[in-house]
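As structure tokens, the structure follows; a few thoughts come after it.
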2 protein chains.
Amino acid sequence: MKRADKRDYLIDVAMQMFNRGGFRGTGIDEIMAETGIAKTTLYRHFASKDELIIAALAKSDEATRDELRTFVERASNDPTERLLATFDQLDIWIRDGEFKGCPFVAAASEFCDVNHPIFQQVRMHKRLYLAYFEELVRAAGISDPKRFAAQILMLHEGAVAFAHVLGSDGTSFAKARGAESVASIARSAATHLIAAAMKTSSGEAEIVN
Amino acid sequence: MKRADKRDYLIDVAMQMFNRGGFRGTGIDEIMAETGIAKTTLYRHFASKDELIIAALAKSDEATRDELRTFVERASNDPTERLLATFDQLDIWIRDGEFKGCPFVAAASEFCDVNHPIFQQVRMHKRLYLAYFEELVRAAGISDPKRFAAQILMLHEGAVAFAHVLGSDGTSFAKARGAESVASIARSAATHLIAAAMKTSSGEAEIVN
DNA sequence: TTGAATATGTACTCGTCGGTATCGTTTTAC
DNA sequence: GTAAAACGATACCGACGAGTACATATTCAA
């Protein structure tokens, strides 16, 4: 394995383990054991555990945003449908057996000092996510796209937290109510929000609460 | 200070510190230093740190649900207004300088094994929260209250995560857009959802996505 | 007042975890 | 083919954190 590949492999495995066991909860030694890469080598690639975490989050940020983007572009050409498609992708993520909530939110909880570089990394990720939503909202011709994008993001984050704690599959909620997934419930909420937003932006400016 | 009071004081201070510095991030020694209570005494009250955490979460669960309940009951008699009032209380919480995201969600991230008693405690808390929302939704005469309550809870959780990472005050979002708070944006979304739900439940059963 | 329960303080154990040092081996680049 | 860089293994360090032991002081009930 080439040097660069080794670095990438390290990042990938580490991210997976952080997801499963938390950031503070996953030790360097465990990452060593799992990857089969020596500690010395690890520390030649990353100056510290924190830097490994940051690198892992950075790569994950890129990857998830890319995936979302391509998923949305393939889903439809209609801007409104595209906005809704983000919930379909969310659904896939949540249903996937590895789902353990949003690792970025988890990182923000574990490294809760706002000035900590890891927290900053998380903030950057969410800003970019929000910016992408804003782009989609703008394309759909909805007024006050910043605000509406925030609402959509909230629905996403909420669905993730909900599914994480209450269980996406079976445990407590989903099973009780047919087979409707958490993400699809969020999607349905988004549908109503979009309908309402379309109505107000097509007519006169209207104040709703 | 009486024994029981000491226990309570311990729990309160610990919870505050967990909020600020995370659960794993806050050491027993720091709690000692902050409370002025000796380690021996602490361990006479709680068998382990985990039990202290569980006790702290349990008390916080009671307290927050009680606060919400009384806030809502004082806010209005109209069931719909009551549902919306939950967002006003959310607003107060988020704006409060101590806000660091939801400690329950943080706990679920840090103790991410689903069978861990701390995770279970978190799950229980969210179930109770959800049940209360369901109660409010039912009172408002909205159909499929379980589902709708889930949507409201998602909006809440989403607003909390959003404000935690992106900053409720100033940092990146709120300041840019006038003085509108994250919670009030979520509230506005809830308004639209309620309006849509009222419309469909007053007429014929209607399938919306 | 006296005895039992409870508190304090300090010092200690013991495991873990992040990070380093050393040294011999393998790979890569030219 | 050879030098330089990268890798692996193992042992190690220092810090910290959870939890205990123990000897002393304080409260409180009978």
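Letters A, B, ... mirror the listed sequences (proteins, then strands); counts begin at 1. Note: hydrogens, waters and symmetry copies are ignored here, and every other heavy atom, side chains too, is used.
No donor-acceptor distance shorter than 3.5 angstrom exists from the side chain of B/Ser184 to the backbone of B/Arg187, with no hydrogens or angles considered.
Summary for the helix from C/dT1-D/dA30 to C/dC30-D/dG1: the axes at its two ends, each from 5 pairs, differ by 30° when rounded to the nearest 10 degrees.
With hydrogens and angles ignored, no donor-acceptor pair under 3.5 angstrom links the side chain of B/Lys39 to the base of C/dG9. For D/dA6, the base has no donor-acceptor partner in the side chain of A/Thr40 [N/O atoms by modelled type, under 3.5 angstrom].
Under a cutoff of 6.0 Å and an axis angle of 45°, A/Arg24 and A/Phe111 form a cation-pi pair.
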Steps toward salt bridge (Lys or Arg N to Asp or Glu O under 4.0 Å) verdict (B/Arg82, B/Asp78): CA-CA 6 Å; B/Arg82 283 189 166 186; B/Asp78 176 59; over 6 Å; no
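Annotation for A/Glu81: atom CD counts as buried by contact number, over 12 foreign heavy atoms lying within 6.0 Å. Enclosure of atom CD in A/Glu34 is not indicated, since only 12 or fewer non-hydrogen atoms of other residues, nucleotides or ligands lie within 6.0 angstrom.
Taking atom CD1 of residue B/Ile37 and atom C1' of nucleotide C/dT8, one finds them 11 Å apart after rounding to whole Å. Taking atom CG of A/Asp29 as the reference point, atom P of C/dT20 lies 14 Å away to the nearest angstrom. Rounding to whole angstrom units, CE of residue B/Met32 and C1' of C/dA7 are separated by 13 Å. Distance CZ (A/Phe23) to P (C/dC17): 17 Å, rounded to an integer number of Å. Distance CZ (B/Arg24) to C1' (C/dG18): 16 Å, rounded to an integer number of Å. For the pair B/Tyr43 OH and C/dA7 P, the computed distance is 16 Å after rounding to whole Å. Atom CG of A/Asp5 and atom C1' of C/dT28 are 14 Å apart (whole Å). Separating the CG atom of B/Leu10 from the C1' atom of C/dT8 is a distance of 14 Å, rounded to the nearest angstrom.
Between A/Ser188 and B/Arg147, the side chains place a donor N or O and an acceptor N or O closer than 3.5 Å (distance only, hydrogens not considered).
Against DNA chain D, the stretch residues 44-60 of chain B makes heavy-atom approaches under 4.0 Å through B/Ser48, B/Lys49.
B/Phe104 and B/His125 have parallel rings, their planes meeting at less than 30° on a 0 to 90° scale where 60° marks the start of perpendicular.
Residues A/Phe119 and B/His164 place their aromatic rings such that the two centres sit under 6.0 Å apart.
Under the 4.5 Å side-chain criterion, counting only non-hydrogen atoms from C-beta, B/Val160 is in contact with B/Leu90.
In terms of phosphate contacts, A/Thr41 brings a side-chain nitrogen or oxygen within less than 4.0 Å of OP1 or OP2 of D/dG8. For C/dT8, the OP1/OP2 oxygens have a side-chain nitrogen or oxygen of B/Lys6 closer than 4.0 Å.
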